[in-house]
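Take a look at the structure set out below.
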Amino acid sequence: MGFIHLHVHSQYSFLDGASSLDELLDKAVSLRMPALALTDHNRLTGVIRFYGKARAAGIKPIIGAELDLASGYHLTLLCKNADGYSNLCQLITQAHLSNLDRKPEATREMLRNHSNGLIALSGCSKGEIPTFVAEGKYDKAREAACFYRDVFGKDFFIELIRYPSREGGSDSYRLASFAKEDNLPVVATNNVHYAEIKEYRIKELLNAIDRIIPASQLEGYRTVEQYLKSQQEMMKLFRDLPEAIKNTGEIASRCNLEMDLGKPRFPKFDIPEGESDYSYLRKIAFVGAGRKYGLLSASIKSRLEHELDTINKLGFCSYFLVVWDIVRWAKSRDIRCQARGSAVDSLVVYALDISNVDPVEYNLLFERFMHPLRYEPPDIDLDVDRRRRDEVRDYIYQKYGAENVACVGTINTYMARGAIRDIGKALQIPKSIIEEACQGIHWLSASELMEYADTLPELKHSTVYKKEELADFFKLCTAIDGFPKHLSVHLGGLLIGNGKLSDLVPLEWSGGGDIISQYDKDDIERLGIVKLDLLSLPTLTVIEDTLSNIKQSRRIDIDIEKTPRNDPSAFGILRDGKTIGTFQLESPAQREMAGRLLPDRFEDIIVSISLVRPGPLKSNMDKDYLPRRHGQQPVKYLHPKLNNALDETLGVILYQEQVLKVAHDLAGMSYAEADGFRRAMTHERTEEEMEGMRDSFISRAVGDGIGKNIAEKVFEQLAAFAAYGFCKGHACAYAITAYQTLWLKSHYPAEFLAAVLSNQPMGYYPSRVLVAEAKRFGVEVLPPDINKSSEQYTVEKGAIRVSLKQLKGMSEKALESILSARAEHKFTSLRDFVLRTDVSQPILENLVKVGAFDSLDNQHDLLLQLPKLSELKHKIIKDNQGYSITLRRCCTQSRYSYGFPYL
Amino acid sequence: MSRLIDEPVKVHQNNDSMITAFIWRKRLYRVLDVVGWWREPSEWWNGKSMRLFIRVNAQNSGTGTYELYKLGVQWFLSRVLD
């Protein structure tokens, strides 16, 4: 082995590395490098994909990181083996989590505790020893060297970096002499920050963005030399020190980390003694199915056995038990919690009460969710009542231990707007230009920006994109397109380890104070760790609030899960387009579809949810389906064998599950194979791959006795559909929730709309539209009343009472003060209100103006009283200065002692 | 010690693109050897390019050390070292 790069930063050294993993690896391949290290700053975010990509490119991946130490110095660490990887994860985690300032800092003690399996290089010019040597503090350098040699033994090297410069790299020569005197091994690196020399500009630009300064004010040492140099270039630089080159090979040969990717690492679920994960899962699944179906038919038994067998063979039993336990716990505390997505296709999921969709009734296919040929951890997404999601999250932390649970991190990357704003600031582009360039591009990537500048209606009239003097600026924006900027919390994602998470996953703080993984959801999946999506669904909160409103106003307990799914009044409001506030069915497009579809059965809602999306509408699926639905066109099948798959949608392919059935029935594929076929068609593929799939499908269909013409036509239909298909299981889960909201709105509009109004913002429409909708349903909307309004909208004799929270400027503190004072006894006058609450003058004024006191006095008179009351309030506060008693308590004590006239 | 010059010079290169001589203020300087080279980052935000510097020992009436750099296709004498 010649020279190996052991100190390399990628774009995952957020705002410091200027090249992607692909660019670095492509360059390494072109330079015939046998191995390459990745050592990003304080994080391993890129290593899982680096490991896979490097292996695929025939390059040995060396995993490491450049760590910030508590002393402010840097240290380069490389993993020799799995122990080293685990120690590096723990070091990085501890460095991040132990520092309240949220700047990672590893202490010497941490290094001492987690040195096993790691190789340490003394670091760049910011390393401890290089700094001391450069400053001429040789005693301190020697003390530091002693420490590192003591901790890392023969796995500690002095890192030499040589950038040709006017000064001639004297620091590196001094460091080499120091190493020789102290008998320390040396190693050459180039502290790579970009693949090609020209990218130094991008690195400097990112540094300027990171420090929030103009690029022209970049301080400190600047260089263009941090590119991925060839072995020859590096050998030339170190021709006087061949051992520094040789040691790169020696270190690379010591680094032999094998990452065990794809192996499931599910948390251990506590099962009763004498049971295995499988036997226990089987037991509760059969008990659950018995509860749902009564006596189990042979077909249900056989389906359950088949699903359980697959789950067991794939080793996912404990995962199902974990999810079952979470949902069971939530439901035991009346927290609405249910599965969405393809998991709903599973009978086991239904039997375990994780989902409320019966896959047998709705003809759902388990293989769309999982099968033996799809070796990926299963993904059960749970919708949870928005208000109570944190309770479920807390339970998971408590049940599996805080050390074993974390939020999934997500990598925020540059889009066009962010790039324009940040680069604009760094290059001191006038604000007005930046603002103009940022208009109407919130969904564009920077590389699409110039492509669409001439065609997109929002951009066509803008002149900034055509200005020649800004061409370089926009080129730079394109250059950082997709660059990672920072990590944040993935919406709803939680990961649960089968032991201490930081042994396997580096963790850090999110901006909001959550502990998050440095890996994103895809890498977590590659690692085989359980990821659970706990998604806040406000509609579930609305359902809960509606039921509570009904109970309060009418003293009726309703079990919404047991409402019949064929209620004429629910379908009535759906057909009339009176669906504002309902789940999934309120958008203008859905209401328009309802007018054309004229739904009168539950399956119509599933169809409607699946049809009203850009893809199906653009490809005119509705125009195929609707005439058949209304009997205006005959239902035709290209072949009788398609009847079974397409019967439910009158010969039109609407659902992904139908693709599996068609491939199974027509081309004789197993459902597992058919799902592979569906996935291959859905993902990006080359023309050759598509041709391969076509040939395979047609030849298998012809082999099964289907005419070639028909097979070709069916394949064309499947190919056209592939991009737009919807998972029927997911549509069913949403249809049930949608139906429940329809049912509630049609029977209890006041209670339902009060709940929707209380949970704003959500859905498509603002409060004023919802209020208008209430009036359309004959529900009166009452103004806020100081003695009647609550924190939320409430129902009073069939009318909706506006909540106090809606008042402009209302604070939580003021609201709490009002409600607690009112709990003692109702307010009798404005004066009584002022004396018993801590409410600011503007809030008080607003309350009077919106008529909250109208039931007590005339609004005009009340407004006249306000200044005097204000005086009273100030006097009380002044008199009680220095005492930590609340105004309310003070007023209660002295309300009559000030001699103010009783108002 | 060095004197900052920053004046354009005409450079002679051999077939291997090695500088063999340069003309400064109408006088020929024959390059004896190349002492070193390096690249310096530019004010790229002002549209300027990176500069390649070369330090040579050259002979005219006497022998001296000179720093040259290339900007686009033009070479400049950056400074003269004592």
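Chain naming here is simple, since letters A, B, ... match the order of the sequence lines and numbering starts at 1 in each.
Using a 4.5 Å cut-off between heavy atoms, A/L205 touches chain B through backbone and side chain atoms alike.
The environment of CD1 in A/I212 is sparse: at most 12 heavy-atom neighbours from other residues, nucleotides or ligands sit within 6.0 Å.
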Between chain A and chain B, going by a 3.5 Å limit, which atoms form donor-acceptor pairs, if any?
{"residue": "A/R166", "atom": "O", "partner": "B/R55", "partner atom": "NH2", "Å": "3.4"}
{"residue": "A/R166", "atom": "NE", "partner": "B/E67", "partner atom": "OE1", "Å": "3.1"}
{"residue": "A/R166", "atom": "NE", "partner": "B/E67", "partner atom": "OE2", "Å": "3.3"}
{"residue": "A/R166", "atom": "NH1", "partner": "B/E40", "partner atom": "OE2", "Å": "3.4"}
{"residue": "A/R166", "atom": "NH2", "partner": "B/E67", "partner atom": "OE1", "Å": "2.7"}
{"residue": "A/Y200", "atom": "OH", "partner": "B/S42", "partner atom": "N", "Å": "3.2"}
{"residue": "A/Y200", "atom": "OH", "partner": "B/S42", "partner atom": "OG", "Å": "3.1"}
{"residue": "A/E204", "atom": "OE1", "partner": "B/W44", "partner atom": "NE1", "Å": "2.7"}
{"residue": "A/R222", "atom": "NH2", "partner": "B/S42", "partner atom": "O", "Å": "2.7"}
{"residue": "A/E225", "atom": "OE1", "partner": "B/R39", "partner atom": "NH2", "Å": "3.1"}
{"residue": "A/E225", "atom": "OE2", "partner": "B/R39", "partner atom": "NE", "Å": "3.2"}
{"residue": "A/Y227", "atom": "OH", "partner": "B/R39", "partner atom": "NH2", "Å": "2.8"}

